[in-house]
Number of protein chains: 2
Amino acid sequence: MGNEPIQAELIAVLVAVTDGAPRVLTIENGSALPSGPLETGHRSLQAGLRAWVERQTHHPLGYVEQLYTFADQQRGGGRGISVSYLGLTREAPVLDPDAAWRGWYEYFPWEDHRHPEGQRHVAAIVRHLAAWAGPVPARQARLTALFGAGEGWNEELVLQRYELLWEAKLIPEARRARQGAPAPVPGLEMTHDHRRILATAIARLRAKIKYRPVMFELLPRDFTMLELQQTMEALAGQSLHKPNFRRLITQQDLVEETGRTTSGLAGRPAKLFRFRPAVLEERRIAGSKLPLVR
Amino acid sequence: MGNEPIQAELIAVLVAVTDGAPRVLTIENGSALPSGPLETGHRSLQAGLRAWVERQTHHPLGYVEQLYTFADQQRGGGRGISVSYLGLTREAPVLDPDAAWRGWYEYFPWEDHRHPEGQRHVAAIVRHLAAWAGPVPARQARLTALFGAGEGWNEELVLQRYELLWEAKLIPEARRARQGAPAPVPGLEMTHDHRRILATAIARLRAKIKYRPVMFELLPRDFTMLELQQTMEALAGQSLHKPNFRRLITQQDLVEETGRTTSGLAGRPAKLFRFRPAVLEERRIAGSKLPLVR
DNA sequence: TCCCTTATACTCAAAGTGAGTATAAATTGA
DNA sequence: TCAATTTATACTCACTTTGAGTATAAGGGA
């Protein structure tokens with residue numbers, strides 16, 4: 001009974017997209033997400049996070065969204081509360097030698113379906129999971145719903161897939177107790193549940209890009225249709241149908257032409273677009289759907 | 001600098017739907033949401049919330065989802081963290097004489113568009129907001145996007161509308177400083193930012209019912225199509241087209257016939273349905289869209 | 001100049017959606 | 001008893017959205 005003083009920690013999932021690869025800021029050689037204590041003098045949690053990140057990266061933080069809060073046991077026996085955030089920026093060199101940008105598919109290779117390797121990872125995982133599921137109908141149903149081969153892949157169920165793998169003891173972080181057994185699932189590990197937090201962030205972002213114009217946080221001011229499309233594809237981990245993507249973007253009035261075009265590259269020059277000011281200003285409303293292919 | 005011990009508080013938005021009215025559990029004569037400190041011995045935040053709610057209501061808590069976490073100044077100068085949750089149940093008599101179920105539209109009369117009164121509330125609010133907006137284009141744009149008369153009412157923007165009203169000083173809680181001025185917006189008040197938390201919960205639930213089958217937490221085991229529809233309408237605050245609603249529900253295989261029908265009431269007896277076991281069991285996937293009318 | 005590459009425009013069928021109409025089966029009351 | 005009323009259920013139809021494919025345009029390089 002009674003209230004108990006605890007400690008609060010902020011964890012950040014900072015995302016950028018560079019050269020068609022979604023990237024996430026990590027520390028400790030890629031094994032953890034940046035985090036820090038909530039400090040006195042921060043007016044709000046978000047203010048605390050912004051101050052903390054900008055001190056580390058010397059780069060302003062754009063869009064920020066809360067992910068999830070959970071309680072855990074602190075080292076020392078006490079209790080702590082961790083509040084995780086998703087933040088969108090563009091990749092900038094970090095000053096802290098301990099911090100580095102990493103591709104998020106290094107941690108979730110089975111979530112990238114733009115190339116055939118992703119499919120192969122899924123196939124391998126399904127074989128493991130089939131053994132785990134055995135004849136139990138409920139397990140088989142979850143397996144096909146989450147990893148269902150090709151046809152019904154739902155790119156938003158990142159967290160559910162991770163949790164299923166965890167349950168099946170295929171995630172190394174879940175098997176610390178068992179020694180010797182090799183990790184059956186590819187991908188880098190992270191300390192504590194940081195990889196789970198990253199899964200939450202990916203899922204949230206994949207859902208969000210479909211109904212909110214958050215993409216412009218990740219792109220330069222001017223961009224081509226293809227750059228826009230490839231950024232979306234990078235996040236969704238799926239290829240899009242080019243003409244349909246174009247149709248959707250233009251008819252939703254998300255962008256406007258700048259009048260300029262690219263040059264020097266192979267092929268016909270592409271028009272440069274920018275996001276319409278109305279979209280930038282009041283991004284609280286609006287909605288942008290994305291046409292997934294396959 | 002440095003970590004600072006703080007206190008953690010859990011705030012619950014418990015929702016039920018009774019006789020076509022969404023209801024929320026309140027305390028202190030409807031002026032606050034139930035809340036309590038995170039206690040020692042609770043394994044997780046959700047476990048803490050469940051224990052706490054079930055001790056108060058003596059009623060099991062079904063679906064639970066985290067809403068938002070924020071930091072605030074505690075009485076006494078210290079800092080506190082509040083974690084808010086949305087929970088779905090069916091209305092049960094509460095033992096605590098301080099607690100009572102209230103219709104959520106008592107706090108947000110302008111959000112109920114099933115009856116013409118809602119439209120009238122909106123019209124009155126728009127008049128106030130037009131004065132506040134004046135000739136400023138950005139304000140006018142937000143006004144029409146959020147309260148746009150009739151045509152484009154988006155029932156999910158509950159929180160955005162509340163925040164606009166707050167900004168325009170039309171929410172009594174925001175004008176404590178100014179004495180004497182009558183509240184220009186109808187609806188019951190709540191202490192602190194509890195009404196804002198309730199707005200968050202409504203928005204979240206209105207979004208969720210469109211792509212996740214959470215409705216069955218709010219309905220008895222067997223129900224008619226009309227009961228299902230009216231529960232949805234209650235949450236969405238909008239009327240639905242009956243044949244289309246029926247078509248959607250049946251073709252999504254959400255429900256199955258029980259074989260029994262209603263009797264004793266006026267009109268043709270209605271078939272009784274129940275949610276399909278597959279939906280109940282693995283409600284992690286699936287999706288149910290709802291056809292809004294008007 | 002021809003070929004390769006990328007950008008952009010157009011077409012078409014299938015599926016989904018909004019809105020209305022028609023029929024069925026009970027209760028109610030003259 | 002039977003017509004009126006009420007609610008449930010089934011069907012139709014036009015319009016929009018969506019998935020997928022094909023065709024044309026405009027540059028660079030051999």
Side-chain angles (χ1 to χ4, degrees), chain A residues 19-20 113 150-155 209-211 222-233 236 238-274 287-294, chain B residues 19-20 113 150-155 210-211 222-233 236 238-274 286-294:
Chain A
D19 298 329
H113 286 219
E151 0 80 27
W153 183 264
N154 183 344
E155 79 283 352
I209 52 173
K210 288 191 198 138
Y211 64 95
D222 296 2
F223 49 84
T224 66
M225 270 294 172
L226 186 58
E227 286 168 341
L228 180 61
Q229 178 176 348
Q230 285 175 337
T231 304
M232 273 225 176
E233 289 176 334
Q238 300 214 235
S239 299
L240 304 176
H241 187 267
K242 204 195 304 201
N244 289 352
F245 180 80
R246 189 183 199 85
R247 173 176 69 188
L248 212 72
I249 297 297
T250 50
Q251 83 186 178
Q252 292 211 189
D253 276 348
L254 280 177
V255 300
E256 61 188 13
E257 300 186 6
T258 63
R260 297 185 300 113
T261 59
T262 56
S263 65
L265 299 136
R268 175 176 172 175
K271 289 179 187 169
L272 282 168
F273 294 86
R274 70 167 77 93
S288 92
K289 300 176 195 167
L290 110 156
L292 285 175
V293 92
R294 188 109 332 191
Chain B
D19 298 330
H113 286 219
E151 1 79 28
W153 183 263
N154 184 343
E155 79 282 353
K210 287 188 199 145
Y211 65 96
D222 295 2
F223 50 84
T224 66
M225 271 294 173
L226 187 58
E227 286 168 340
L228 179 61
Q229 178 176 348
Q230 285 175 336
T231 303
M232 273 226 176
E233 289 176 334
Q238 299 212 237
S239 298
L240 305 177
H241 186 267
K242 205 197 297 203
N244 289 352
F245 180 80
R246 188 182 201 85
R247 174 176 65 187
L248 212 71
I249 297 296
T250 50
Q251 82 185 179
Q252 294 213 188
D253 276 348
L254 281 176
V255 300
E256 61 188 12
E257 300 187 6
T258 63
R260 298 185 300 115
T261 59
T262 56
S263 66
L265 299 135
R268 174 175 172 176
K271 290 178 185 169
L272 282 169
F273 294 87
R274 69 167 79 91
S288 94
K289 300 177 193 165
L290 108 157
L292 285 174
V293 93
R294 185 109 333 185

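Computed from a prediction, not measured in an experiment: that's the story for all the values here. Below, chain A is the first sequence line, B the second, and so on; all start at residue 1.
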Open item on the list: In this structure, how many angstroms lie between the P atom of D/dA10 and the CD atom of B/Q251, rounded?
Closed with: 14 Å
Task: Rounded distance (Å) that lies between atom C1' of C/dG18 and atom CG of B/L248 - done: 12 Å
Open item on the list: Give me the atom names and distance for the closest heavy-atom approach of B/P269 to B/T262.
Closed with: CB-O, 3.2 Å
Open item on the list: Within the 4.5 Å heavy-atom criterion, are A/L254 and A/F273 side-chain neighbours or not?
Closed with: no
Task: Integer-rounded Å distance: C/dT8 C1' and A/M225 CE - done: 10 Å
TODO: Have a look at A/K242 and say if it touches a base, only the backbone sugar-phosphate, or nothing, with a 4.0 Å heavy-atom cut-off.
DONE: base
Open item on the list: Keeping A/Q230 on the side-chain end and A/E227 on the backbone end, is there a donor-acceptor pair under 3.5 Å?
Closed with: no
Open item on the list: Looking at every heavy atom in both A/L240 and A/F245, which two are closest together, and how far apart are they?
Closed with: CD1-CD1, 3.7 Å
Open item on the list: Could you check whether any side-chain heavy atom of A/K242 comes within less than 4.5 Å of a side-chain heavy atom of A/Q229, counting everything from C-beta outward?
Closed with: yes
Open item on the list: In this structure, how many angstroms lie between the P atom of C/dA9 and the CG atom of A/N244, rounded?
Closed with: 14 Å
TODO: Measure distances between side-chain N and O atoms of A/R247 and base N and O atoms of D/dG19, and say whether any donor-acceptor pair falls under 3.5 Å.
DONE: yes
Open item on the list: If I take atom CZ in residue A/F245 and atom P in nucleotide C/dT8, what distance separates them, rounded to the nearest angstrom?
Closed with: 12 Å
TODO: Can you tell me the distance, in whole Å, between the CZ atom of B/R246 and the P atom of D/dA8?
DONE: 9 Å
Atom pairs, protein N/O to nucleotides 21-24 of chain C N/O, distance under 3.5 Å:
residue: C/dA24; atom: N3; partner: B/R268; partner atom: NH1; Å: 3.1

TODO: Search all heavy atoms of A/I209 against all heavy atoms of A/M232 and return the closest pair with its distance.
DONE: O-CE, 3.8 Å
Task: Residue mapping more 5' on DNA chain D - nearest nucleotide basis, B/K271 or B/G267 - done: B/G267
Task: Residue pairs passing the salt bridge (charged side-chain N to carboxylate O under 4.0 Å, His left out) test where at least one lies in residues 245-258 of chain A, sequence neighbours excluded - done: A/E256-A/R274, A/E257-A/K271
TODO: Would you mind reading off the distance between A/F223 atom CZ and C/dA7 atom P, rounded to a whole angstrom?
DONE: 14 Å
Task: Nearest-Å distance for atom pair CD/P, residues B/Q230 and D/dT7 - done: 10 Å
